Amino acid sequence: MDAPLLPREAGKFISDNSKDVFILEKGVCKVAEMLFEKRNSKELDATGWKLLHDLNPQTMNEASVNWVFVVDTLNFSFWSENDDHKCLIKYKGKMHSGFWSLCAAINRALDEGIPITSASYFANTTLDQLKYVLRSDTEVPMPLIEERLKVLKEAGNILLEKFDGSFLNCIKKSENSAQKLLQLVVENFPSYRDETIFQGKKVAFYKRAQILVADIWGLLEGKEDGAFHDIASLTIFADYRIPQVLVHLGAMKYSEKLMEKLKQGVLFQSGDCEEVEIRGCSIWCVELILRRILELGAEKGCINAHINSVLIDYFLWDYARDHRKDMADIPIHRVRCIYY
């Protein structure tokens with residue numbers, strides 16, 4: 001089969017052929033106006049990755065780069081069966097859930113002297129060792145521990161074999177291109193190949209691969225090895241939170257049939273038609289939001305070229321976390337997989 005449609009083209013193709021997920025122009029404009037008003041805030045700036053999230057590394061060095069690689073290799077499937085019954089990890093006196101529970105666990109392990117971000121360590125880690133690193137402070141364990149072990153060991157061995165044990169060496173091969181780094185990641189690390197078939201075409205979402213590139217850009221503040229001249233070529237990272245917030249904000253809509261399935265808590269499989277439509281339409285919806293933001297900038301004579309889909313994703317993901325109670329009537333789509 002031919003090479004897959006890359007995320008942006010895949011998003012448009014899926015949106016054009018979607019039967020249960022719809023993009024609403026009025027909502028797109030509303031979200032664009034909201035984001036346009038925040039164009040000069042830290043919420044829509046590359047430095048916000050560190051400034052707004054203290055669990056992220058605060059220094060630009062090789063150890064931090066390898067931290068990002070490990071975290072994004074394990075960055076999948078954090079949703080809980082029950083909001084009152086979830087995996088929580090305590091770090092420096094504060095309980096963390098979801099993705100931040102992973103970050104807290106990695107930081108806790110490093111503080112305990114466990115070199116969990118060293119390829120020579122995690123390439124050979126055992127299930128018991130990983131269970132200890134990711135141990136929950138509730139009775140609910142982090143999901144998919146065996147799958148996390150498999151992808152972590154695989155990634156560690158590839159780093160050792162091809163990149164001398166450091167993800168920084170992979171970044172240096174990208175020649176300051178986000179797309180080249182994305183392709184290096186997808187070609188070399190199998191767990192990042194987030195692809196499926198939709199309407200007879202191979203489509204790619206590359207959620208974790210794109211977020212890995214974007215997080216490196218955020219960590220390095222778009223400088224030196226992270227000065228990706230084509231960072232705007234990335235799309236949002238299609239997961240289960242971004243679609244939820246887009247529906248909440250009125251930029252997307254689900255069919256009654258799909259909404260009923262979501263409310264019943266139906267567990268979708270990766271690659272199911274509805275799941276692909278939700279992810280693909282969310283990508284294209286944000287591309288339309290970005291297009292409208294840039295149009296507003298042109299109309300008002302404002303320079304806002306720094307705004308891109310990566311920054312919009314970061315903003316919407318934080319918005320979803322901060323407004324979770326407001327969105328209780330819009331269920332996430334449930335999928336247990338290694339891609340998101």
Side-chain angles (χ1 to χ4, degrees), residues 45-76 78 89-94 96 99-126 129-135 142 148-149 151-178 180-182 184-185 188-189 191-192 208-228 231 237 310 314:
D45 187 273
T47 59
W49 188 86
K50 285 192 280 196
L51 292 177
L52 302 175
H53 303 294
D54 58 3
L55 287 175
N56 286 337
Q58 302 297 305
T59 52
M60 294 189 286
N61 57 31
E62 188 171 7
S64 295
V65 165
N66 288 325
W67 184 99
V68 168
F69 179 74
V70 167
V71 164
D72 283 332
T73 298
L74 297 175
N75 183 2
F76 55 85
F78 298 107
I89 291 177
K90 190 174 186 179
Y91 182 65
K92 293 188 175 179
K94 183 180 177 183
H96 299 276
F99 167 72
W100 297 115
S101 68
L102 171 65
C103 298
I106 298 299
N107 289 344
R108 179 180 63 186
L110 291 171
D111 289 353
E112 292 174 348
I114 301 169
I116 188 60
T117 57
S118 168
S120 57
Y121 178 85
F122 65 78
N124 298 291
T125 195
T126 66
Q129 286 172 325
L130 189 61
K131 281 182 176 178
Y132 179 78
V133 168
L134 300 181
R135 68 192 183 277
M142 192 171 286
R148 293 182 201 279
L149 178 69
V151 301
L152 190 61
K153 286 170 71 72
E154 176 185 75
N157 281 300
I158 293 165
L159 269 189
L160 291 169
E161 290 166 16
K162 297 186 177 183
F163 301 103
D164 200 25
S166 176
F167 189 63
L168 183 60
N169 293 324
C170 186
I171 296 168
K172 288 183 181 296
K173 289 178 181 287
S174 73
E175 300 170 334
N176 295 112
S177 167
K180 189 167 181 182
L181 182 55
L182 180 68
L184 280 165
V185 170
N188 286 286
F189 300 95
S191 76
Y192 282 90
R208 287 198 294 113
Q210 289 202 118
I211 206 169
L212 173 58
V213 176
D215 286 351
I216 292 298
W217 178 68
L219 171 70
L220 302 179
E221 298 176 5
K223 300 171 185 173
E224 299 178 4
D225 290 317
F228 302 129
I231 190 66
F237 324 123
V310 170
Y314 286 158

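All values below were derived from every heavy atom in this structure, side-chain atoms included, with hydrogens, water molecules and symmetry-related copies excluded. Since we're looking at a predicted model, the values are computed, not measured.
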>> Tell me if the aromatic rings of F163 and F69 count as close, with their centers under 6.0 Å from one another.
In response: no
> Centre of F78's six-membered ring, under 6.0 Å away, within 45 degrees of the axis: is that where NZ or CZ of R148 sits?
Replying inline: yes
> Which atom pair, heavy atoms only, marks the closest approach of Q129 to N124?
Replying inline: OE1-O, 4.2 Å
> Can you find a side-chain donor-acceptor pair between T73 and Y192 that sits under 3.5 Å?
Replying inline: yes
> Atom CZ of F228 and atom CG of L181: how far apart are they, to the nearest 0.5 Å?
Replying inline: 5.0 Å
>> Quick check for you: to the nearest 0.5 Å, what is the distance between L134 atom CG and L102 atom CG?
In response: 6.5 Å
> Closest approach of Q58 and N56, non-hydrogen atoms and distance?
Replying inline: NE2-O, 2.7 Å
> Are V310 and F237 close enough that some pair of their side-chain heavy atoms sits under 4.5 Å apart?
Replying inline: yes
>> Would you compute the distance between atom CG of D54 and atom NZ of K94 and round it to the nearest 0.5 angstrom?
In response: 6.5 Å
>> Once rounded to the nearest 0.5 Å, what's the spacing between atom CG of N169 and atom CG of L159?
In response: 9.0 Å
>> So does V71 get a backbone contact from the side chain of N75, meaning a donor-acceptor N/O pair under 3.5 Å?
In response: no
> Any idea which heavy atoms bring L219 and V65 closest together, and the distance?
Replying inline: CD2-N, 3.7 Å
> Without hydrogens or angle criteria, can the side chains of W67 and N107 be said to hold a donor-acceptor pair below 3.5 Å?
Replying inline: yes
>> Treating Q210 as the side-chain partner and R208 as the backbone partner, does any N or O pair qualify as donor plus acceptor under 3.5 Å?
In response: no
> Considering all heavy atoms of both residues, which atom of R135 and which atom of R108 are nearest to each other, and what is their separation?
Replying inline: O-NH2, 2.8 Å
>> The test is side-chain contact (heavy atoms from CB on, under 4.5 Å); show your working for I114 and Y121 and say whether it passes.
In response: CA-CA 9 Å; I114 301 169; Y121 178 85; 3.5 Å; yes
> Just by distance, do the side chain of S174 and the backbone of I171 share a donor-acceptor pair under 3.5 Å?
Replying inline: yes
> Roughly how far, to the nearest 0.5 Å, is the CG atom of L152 from the CG atom of N157?
Replying inline: 10.0 Å
>> I need the minimum non-hydrogen distance between S191 and E154, along with the two atoms involved.
In response: N-OE1, 3.6 Å
>> One pair to check against side-chain contact (heavy atoms from CB on, under 4.5 Å): Y132 and T125. What are the steps and the verdict?
In response: CA-CA 11 Å; Y132 179 78; T125 195; over 6 Å; no
> Is the backbone N or O of N66 less than 3.5 Å from a side-chain atom of T117, with the two atoms forming a donor-acceptor pair by type?
Replying inline: no
> CG of D225 to CD1 of I216: how many Å apart, nearest 0.5 Å?
Replying inline: 9.5 Å
> M142 and S101: which non-hydrogen atoms are nearest, and at how many Å?
Replying inline: CE-OG, 3.6 Å
>> Donor-acceptor check, side chain of N176 to backbone of E224, threshold 3.5 angstrom: yes or no?
In response: yes
> Would a 4.5 Å heavy-atom cut-off, applied to side chains only, mark F167 and V68 as touching?
Replying inline: no
>> So for atom NZ, which belongs to K153, do other residues, nucleotides or ligands contribute more than 12 heavy atoms lying within a distance under 6.0 Å?
In response: yes
